[in-house]
Asker: 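Got a structure here, written out as structure tokens. Questions coming.
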There are 2 protein chains.
Amino acid sequence: MTDPHVLTRQLQKSNDSKIVLLVGDGLGGLPLTPGGKTELESALTPNLDALASRGCLGQTIPVLPGIAPGSGPGHLGLFGYDPLQYQIGRGVLEALGIDFELGPKDVAIRGNFCTIDGAGIITDRRAGRIGSEIGAALCEKLNQIKIPGVEVFVRPVKEYRLVIVFRSEGLGGQVYDTDPQATGKAPLEAVAKSDCSKKTAEICNEFLRQAKEILKNDAPANFLTLRGIDTLPAIPTFQEVYGMKPAAIAVYPMYRGLARLVSMDVLDAGQTLDDQMTCLKAAWNDYDFFFIHFKYTDSTGEDGNFAAKVKRTEELDSCIPKILQLDPTVVIVTGDHSTPSKMKSHSWHPVPVLLSADTCRFDGSTKFGESQCARGGLGTFEAKYLMLQAMAHAGRLEKFGA
Amino acid sequence: MTDPHVLTRQLQKSNDSKIVLLVGDGLGGLPLTPGGKTELESALTPNLDALASRGCLGQTIPVLPGIAPGSGPGHLGLFGYDPLQYQIGRGVLEALGIDFELGPKDVAIRGNFCTIDGAGIITDRRAGRIGSEIGAALCEKLNQIKIPGVEVFVRPVKEYRLVIVFRSEGLGGQVYDTDPQATGKAPLEAVAKSDCSKKTAEICNEFLRQAKEILKNDAPANFLTLRGIDTLPAIPTFQEVYGMKPAAIAVYPMYRGLARLVSMDVLDAGQTLDDQMTCLKAAWNDYDFFFIHFKYTDSTGEDGNFAAKVKRTEELDSCIPKILQLDPTVVIVTGDHSTPSKMKSHSWHPVPVLLSADTCRFDGSTKFGESQCARGGLGTFEAKYLMLQAMAHAGRLEKFGA
């Protein structure tokens with residue numbers, strides 16, 4: 001497994017180029033019928049097509065062929081971090097998803113409210129799917145828990161889901177889930193997988209002891225289980241590995257969080273793609289690299305709404321002129337994975353990628369779509385190598401060897 | 001280099017899907033003249049072409065670009081086992097090739113009958129290429145050799161070639177060949193490459209001592225050399241790494257043996273492709289995964305007979321409707337390597353692959369052949385990742401990361 005950062009650290013050089021990475025989440029799709037067009041191919045995308053004609057196409061493999069990635073591995077790959085090397089725990093991702101600013105001393109945990117009976121046996125692992133307001137009120141109560149030497153943060157996510165963060169020195173993230181994964185069983189004690197996480201397991205158990213007392217009259221949400229207990233992975237900063245100052249312009253917390261993982265500056269992106277373009281323009285002189293995230297190509301795919309995904313793709317297309325007005329050196333348009341509306345889920349299919357720069361070897365592409373990408377001049381390659389291409393076309397990589 | 005099994009172990013899930021992997025041995029070819037068609041492209045393959053139109057194409061690299069694999073690495077790659085990580089000794093392969101059921105306590109050795117003179121010097125390394133009946137009779141005699149604490153098996157292969165298996169506790173497979181690789185030299189003593197194989201070397205030498213006595217009047221086959229001494233590699237089972245129950249339907253012993261290496265159930269395949277289809281239908285409800293092996297696309301290629309390879313490819317095509325009648329979830333048609341009749345040998349050229357499933361991203365393919373495969377939507381990828389694609393399209397892989 002070749003780590004691209006071995007080379008970027010060695011070969012990076014500075015100049016005044018600007019790179020824009022525009023991510024249409026879940027951009028790749030599938031046709032509904034044999035021989036039909038995908039969402040991207042069905043969309044009217046005159047701006048992307050013009051860009052394709054001036055650039056070159058290809059497709060990326062987010063992790064490995066056949067592997068459908070979550071948002072975490074999908075984005076880490078785009079940022080050039082090997083998603084198999086840098087794995088992000090579920091608790092960490094959940095905390096990022098609610099914009100919680102995790103630090104290096106934090107252990108993040110995904111909590112689920114549950115129902116236990118008088119004997120302490122779980123009767124409902126999701127506490128009757130309580131409403132989000134109820135969940136939020138209970139989190140407020142749990143947030144009062146005091147554990148000596150530890151800062152405790154309890155934040156609601158949605159319905160029965162919550163995030164717990166413990167902040168203290170020397171906390172390991174290697175602790176087994178306390179969720180027994182079935183009703184009719186008691187919640188498990190928190191048990192450390194290794195010695196360096198024993199302190200974390202003790203804190204978890206003390207937290208659960210107090211929580212049981214606090215929640216005892218709050219049935220159906222009269223207890224909780226802890227899952228995906230983990231710390232932030234040790235991950236080098238984007239600026240260190242590429243020598244570029246990066247900015248993230250993302251509306252959704254999860255993607256701001258993923259950008260923060262690699263120490264990008266997270267800008268105030270507003271709420272719409274127009275807001276994001278305004279933000280981009282305002283920040284243009286302050287950064288070398290811009291990650292712009294557009295969520296709705298994924299969410300419409302997850303909904304199984306082909307027509308809506310087509311429409312959202314056209315919306316994505318419409319922002320291209322505003323990006324080009326700023327005269328970027330390199331523009332990349334791609335996804336973090338495919339989300340075919342036919343499958344209503346993330347998928348393993350390769351992801352279309354478009355790269356436009358003065359140094360492109362034109363490949364005869366005329367339309368940004370999966371078919372032309374499969375035959376494009378960039379070929380099919382692992383997503384983690386996309387940043388190398390971006391830097392190369394920006395003139396930011398020295399020759400390797402003499 | 002990423003081991004796909006790290007992910008399949010973690011992400012596998014069960015369902016009632018069925019996967020068929022149809023291997024046309026040595027399927028890939030070459031045109032005889034510039035601009036001409038390959039064997040596969042020359043063949044009339046209406047069924048494969050229809051499948052290509054409903055599926056997607058690509059090409060696999062069996063080991064690394066430029067590396068022509070033997071049958072062992074070729075098939076291990078198809079089964080998703082890294083052929084560089086799992087290397088199979090020549091003796092083991094030879095034993096598999098005669099349907100010898102090797103176990104974990106066995107050391108397998110390829111033997112060559114040879115001629116030695118009165119001073120013990122080799123005068124013919126192949127014993128005048130004695131007929132197979134003579135070789136078999138001599139093996140019968142050697143099979144009587146007794147070594148305390150060791151089961152000894154001696155089996156003929158063909159002409160001067162034989163297989164010797166020692167079965168005992170604690171036998172290492174690290175022993176140098178006793179073949180000096182030249183006439184005019186004496187056969188070598190068996191010497192262990194490492195301490196844990198000293199016992200094996202001693203057994204080899206005791207076997208050779210007795211063999212010399214037994215064969216002394218059997219010139220030209222009055223002695224033998226030992227080569228490719230090895231044990232079975234420690235290889236995880238197919239069921240463990242993929243969570244699927246696999247069956248092999250192969251006529252030739254070598255391929256049954258390779259399937260047995262990864263603990264596939266080896267079914268009674270009969271003698272013809274029709275027999276194999278009958279076997280497939282009968283076993284359909286008992287397995288999740290079917291490996292079907294067709295030898296003759298390779299043997300005709302090895303013979304340098306372009307027209308015969310075309311004809312055998314058409315025969316392969318004719319079994320497709322019988323497979324489709326069973327309504328498999330995923331059908332893959334590919335080879336373990338290329339065997340261009342122009343070269344009369346295995347080659348390193350990429351191997352055409354066709355994958356058909358409801359979740360295919362159609363790539364505009366209309367004909368199963370090397371040219372369209374090189375431009376297919378699956379791209380060009382290492383064969384060891386093909387199983388990941390198969391599992392993904394069968395819905396047998398969870399998402400990676402959140």
Side-chain angles (χ1 to χ4, degrees), chain A residues 1-2 28-31 33-38 58-76 82-94 96-97 110 228 254 337-338 340 342-343 345-350 370-375 379-382, chain B residues 1-8 10-12 50-60 80 242 330 332 353 355-366 372-402:
Chain A
M1 192 158 26
T2 305
L30 285 177
T33 53
K37 290 177 177 178
T38 66
Q59 51 184 12
T60 59
I61 307 291
V63 181
L64 284 180
I67 300 298
S71 300
H75 277 82
L76 281 187
D82 190 320
L84 290 168
Q85 183 180 348
Y86 299 101
Q87 299 200 22
I88 308 167
R90 181 76 231 187
V92 169
L93 214 70
E94 202 83 355
L96 298 178
R110 173 175 167 173
M254 172 72 81
H337 53 76
S338 295
K342 183 180 175 180
M343 295 179 64
S345 67
H346 292 200
S347 83
W348 62 89
H349 298 86
E370 286 83 347
S371 304
Q372 292 207 9
C373 284
R375 292 164 175 73
T380 300
F381 59 99
E382 287 176 63
Chain B
M1 198 155 21
T2 304
D3 180 358
H5 296 163
V6 171
L7 289 172
T8 60
Q10 179 188 341
L11 304 176
Q12 61 178 248
L51 208 57
S53 304
R54 290 199 303 278
C56 43
L57 302 182
Q59 51 184 11
T60 57
Y242 301 123
V330 180
I332 294 173
V353 57
L355 190 154
S356 174
D358 280 350
T359 42
C360 275
R361 179 184 285 164
F362 311 105
D363 57 7
S365 300
T366 54
Q372 291 207 9
C373 285
R375 292 164 176 73
L378 293 173
T380 299
F381 58 100
E382 287 175 66
K384 68 177 178 179
Y385 297 129
L386 183 60
M387 278 298 302
L388 292 176
Q389 301 258 17
M391 290 181 77
H393 284 280
R396 285 179 174 270
L397 285 177
E398 302 279 1
K399 189 166 67 173
F400 171 68

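In what follows, chains are A, B, ... by sequence order, proteins preceding strands, each numbered from 1. Treat the numbers as computed from the prediction; the structure is a model and nothing was measured. Scope of the values below: all heavy atoms of this structure, side chains included, with no hydrogens, waters or symmetry mates.
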Asker: Roughly how far, to the nearest 0.5 Å, is the CG atom of B:Leu7 from the CD1 atom of A:Ile67?
Answerer: 4.5 Å
Asker: So for B:Leu386, is it side chain, backbone, both, or neither that comes closer than 4.5 Å to the heavy atoms of chain A?
Answerer: neither
Asker: Of the non-hydrogen atoms in A:Pro34 and B:Phe362, which two are nearest, and what is the gap between them?
Answerer: CA-CE1, 3.3 Å
Asker: Rounded to the nearest 0.5 Å, what's the gap from SG on B:Cys56 to CD on A:Glu370? Could you check?
Answerer: 12.5 Å
Asker: By a 4.5 Å heavy-atom criterion (distance strictly below it), what part of A:Leu93 contacts chain B: side chain, backbone, both, or neither?
Answerer: side chain
Asker: Taking all non-hydrogen atoms of both residues into account, name the closest pair between A:Ala374 and B:Gly377 and its distance.
Answerer: CB-CA, 3.9 Å
Asker: Distance-only, no hydrogens or angles: does the B:Arg361 side chain make a donor-acceptor pair with backbone N or O of A:Pro350 under 3.5 Å?
Answerer: yes
Asker: Considering all heavy atoms of both residues, which atom of B:Gly401 and which atom of A:Pro73 are nearest to each other, and what is their separation?
Answerer: CA-CG, 4.0 Å
Asker: Decide if atom NZ of A:Lys37 counts as having more than 12 heavy atoms of other residues, nucleotides or ligands within a radius under 6.0 Å.
Answerer: no
Asker: For the interface with chain B, which of A:His337, A:Glu94, A:Arg90 has the highest count of heavy-atom pairs at distances below 4.5 Å?
Answerer: A:Arg90
Asker: To check you understand the geometry: which heavy-atom pair defines the closest contact between A:Pro65 and B:Gln389, and what is its length?
Answerer: CB-NE2, 3.5 Å
Asker: Is A:Ser338 close to chain B through its backbone or its side chain, or both, or neither, when contacts mean heavy atoms under 4.5 Å?
Answerer: side chain
Asker: Who are the side chain to side chain contact (heavy atoms under 4.5 Å, CB included) partners of B:Ala357, not counting sequence neighbours?
Answerer: B:Val330, B:Leu355, B:Thr359, B:Cys360, B:His393
